[in-house]
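Labels below follow one simple rule: chain letters A, B, ... track the order of the sequence lines, proteins then strands, and each chain is numbered from 1.
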Amino acid sequence: MVMATEVTKQKSSIWEAIYSQPNEFESVAWAKRLREAAFDRFKELGFPTVKDEEWKYTNVAPLTKLSFQTARDDGSSEVTSAEVNRLGCVEAKNSQLVFVNGALRKDLSSLADVPAGVIAMGLVEAIEEPGYQELIREYLGRGVGYNTNGFVALNTAMLAGGAFVLIPRNVEIHKPLSLLFLSAGNVASFPRVLVIAEANCKATLIESYANAGAGVSFTNAVVEVVLQEGSRLEHYKVQRESVESFHIASTSATLGTNASYDSTAINFGAQLSRHDVAVQMGQEGAECWVDGLYVVSSGQHTDTHSVIDHQQPHCTSHQLYKGILDGKSRAVFNGKISVRHGAQKTDAMQTNKNLLLSKEARVDTKPQLEILADDVKCAHGAAVGQIDEDQLFYLQTRGTHGELARNLLTYGFAEEVIGKIKIDSIRSQLDEAVLHRLNARLEA
Amino acid sequence: MLEIRNLHATVDGNQILKGINLTIKKGEIHAIMGPNGSGKSTLAKVLAGHPAYEVTAGEVLYEGKNLLEMSTDERAREGVFMAFQYPIEVPGVSNAQFLRLAYNEKRKHLGEEELDPLEFKDLLKERAKVVEMDASFMTRSVNEGFSGGEKKRNEILQMAVLEPKLAILDETDSGLDIDALRVVAGGVNQLHNSENAVVLVTHYQRLLNYIVPHYVHVLANGRIAREGGKELALELEEKGYDWITSAAA
């Protein structure tokens with residue numbers, strides 16, 4: 001931790017400047033105090049270094065050498081609705097909040113398809129709203145604490161942009177709810193999202209990150225999801241920022257009794273991306289799917305750290321992460337399944353599989369089980385492989401040329417994750433990313 | 001159509017083919033028989049262009065062109081097809097996707113227009129009848145979880161879609177029960193015509209009851225040790241391979 005501080009000190013002036021700007025929370029004392037405490041903590045922690053076990057393979061030093069403009073300016077960035085249509089999710093055209101450089105852009109957002117009673121609004125507004133203030137105060141920072149992770153501390157200190165989503169009990173939302181975070185220019189932004197799904201509701205949430213126009217951006221996001229008894233959430237995180245950008249995100253989901261959380265994290269952008277995902281199986285009967293796909297090529301580094309914490313009995317978790325690495329790229333997968341004392345009848349399954357398309361690509365994968373209960377069913381595994389020569393030959397004997405055959409096999413590898421995605425526009429984006437050299441369309 | 005002259009090939013440094021000479025004309029069905037290790041499957045794989053097999057001498061002319069200079073996929077687009085003894089599973093790629101891509105690759109090669117998914121679906125449905133294959137197989141991943149018999153039928157379905165000029169069937173009868181054998185053989189018979197040729201690589205005579213060859217070639221120790229008509233296969237069935245191999249040794 002001492003080491004980390006040194007790195008940050010060189011550049012903390014940038015963050016100091018952003019932090020010191022006038023902010024909205026002068027009137028909300030607890031929010032102001034939260035920011036102050038988090039910023040103090042950030043100054044102590046700094047950004048992690050490779051000496052930190054959790055950041056052993058991911059060096060964020062390049063990030064600390066860059067300068068970013070404040071993302072907290074205004075809504076003046078030249079992002080058009082055409083760009084929003086291109087980068088957003090067509091299924092959620094009228095159930096989408098759009099953020100540019102962290103700030104909510106109501107002019108680009110539409111909630112026409114969101115049923116009455118469902119709250120989707122800017123987090124700042126929500127904090128200022130007396131009706132939601134106490135609820136937010138109760139949950140904000142509970143899933144993702146700022147004490148150990150400098151990025152989370154910085155995000156909390158910069159608390160300004162982001163969304164608050166509240167799905168009332170027994171409500172089912174048919175259209176997916178989309179949160180689209182766009183970066184324009186050399187900016188740092190700090191999206192913060194709190195989602196509360198009340199008992200027995202059902203919804204789909206799409207959280208996506210992209211760049212509008214050129215620029216080296218830094219996104220530092222924290223998303224906290226609270227699922228109350230019997231609620232069901234399907235959660236997609238789609239990160240496709242420019243390959244110059246930095247994306248650091250933490251997601252937490254806390255599951256109530258019999259709640260179901262089905263998440264799929266798609267990573268194919270950014271020069272450096274890191275996703276910490278933590279699921280707390282805090283009540284009996286909860287079930288989660290924590291799946292993902294990362295697709296990187298030369299110059300890209302992606303790191304996923306996941307913790308699935310079985311705190312109570314009779315919970316089930318499934319995890320499948322697949323990675324495709326081309327060129328001189330690197331991926332890290334660190335997945336921990338923790339089964340606490342007394343969490344009997346836990347059923348946990350974790351798999352990480354990687355496909356290396358080049359000799360220069362490198363992956364470090366570390367699935368871990370930590371089991372303190374004695375009546376559980378747990379399995380995990382990791383694999384790193386190349387294109388199978390027999391499969392390649394087989395496809396070629398049917399007339400598909402080498403590159404097409406390779407792309408097809410790469411697609412086949414990813415299909416296990418792509419196939420479970422229920423949002424067509426996300427699936428077709430992925431088809432394009434995985435098969436970008438493949439001319440033929442594949443809907444057969 | 002195919003002219004093999006003095007073909008020598010090695011795999012992992014072992015000389016397997018030691019001078020094969022064989023001429024195949026369109027409209028013909030040839031059976032290549034022989035005991036295990038005689039080089040039958042090697043010959044099939046060399047013709048298909050398997051990268052593990054190295055041709056050390058000889059030449060192969062296919063429709064007057066040097067087959068050995070063509071890449072595996074080029075050979076396929078030119079009309080050479082090999083049905084695998086052990087068809088490969090390709091998870092995540094549906095049968096229909098794969099077949100359409102392969103079919104369109106060939107169309108492009110021939111300067112013809114590609115078929116869109118709907119047009120192809122109709123064609124596939126039609127061709128699937130050749131091997132009595134259910135539509136449910138089309139959306140499943142290529143060969144994944146297929147039984148042995150289903151895999152072999154799927155090979156013949158691919159043949160039906162790609163309409164090769166030269167089809168080499170490597171041990172297509174192995175692992176088939178009698179009903180599946182009848183379906184597979186029936187498919188091959190439907191697809192064979194006066195413009196194409198079929199090469200059956202097989203250990204047993206059984207398949208030849210259903211697909212009747214014009215010529216039978218018996219391989220032993222990397223060479224063709226004996227040739228004849230379909231009655232040669234019956235003779236082998238009766239006497240075994242020993243009398244040929246010992247004569248060839």
Would you confirm whether the ring centroid of Phe84(B) sits within less than 6.0 angstrom of the ring centroid of Tyr394(A)?
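Yes, the ring centres sit under 6.0 Å apart.
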
Comparing Glu415(A), His401(A), Glu389(A) against chain B, the one with the most heavy-atom pairs below 4.5 Å turns out to be His401(A)

If one checks every heavy atom of Glu89(B) against chain A at 4.5 Å, the contacting part turns out to be backbone

Interface moiety of Val142(B) toward chain A, non-hydrogen atoms closer than 4.5 Å
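Side chain only.
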
Problem - More than 12 heavy atoms of other groups within 6.0 Å of Lys353(A) NZ - result: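 No - once you tally the heavy atoms of other residues, nucleotides and ligands closer than 6.0 Å, there are 12 at most.
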
| message | Has Lys336(A) got a side-chain atom pairing as donor or acceptor with His305(A)'s backbone, closer than 3.5 angstrom? | response | no

Margin query: Given 3.5 Å as the limit, does a donor-acceptor pair link the side chain of Lys151(B) with the main chain of Glu144(B), or not?
Written below: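 Flag not set: sc Lys151(B) to bb Glu144(B) has no pair under 3.5 Å.
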
Turns out that what part of Glu416(A) lies under 4.5 Å from chain B's heavy atoms comes down to neither

Does any heavy atom of chain B fall under 4.5 Å from the side chain of Leu395(A), the backbone, both, or neither of them?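 The answer is both parts of Leu395(A).
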
Scored by heavy-atom pairs under 4.5 Å with chain A, the best of Lys121(B), Met82(B), Glu74(B) is Met82(B)

Could you tell me if Tyr321(A) and Gln319(A) have a donor-acceptor pair between their side chains, going purely by distance under 3.5 Å? no

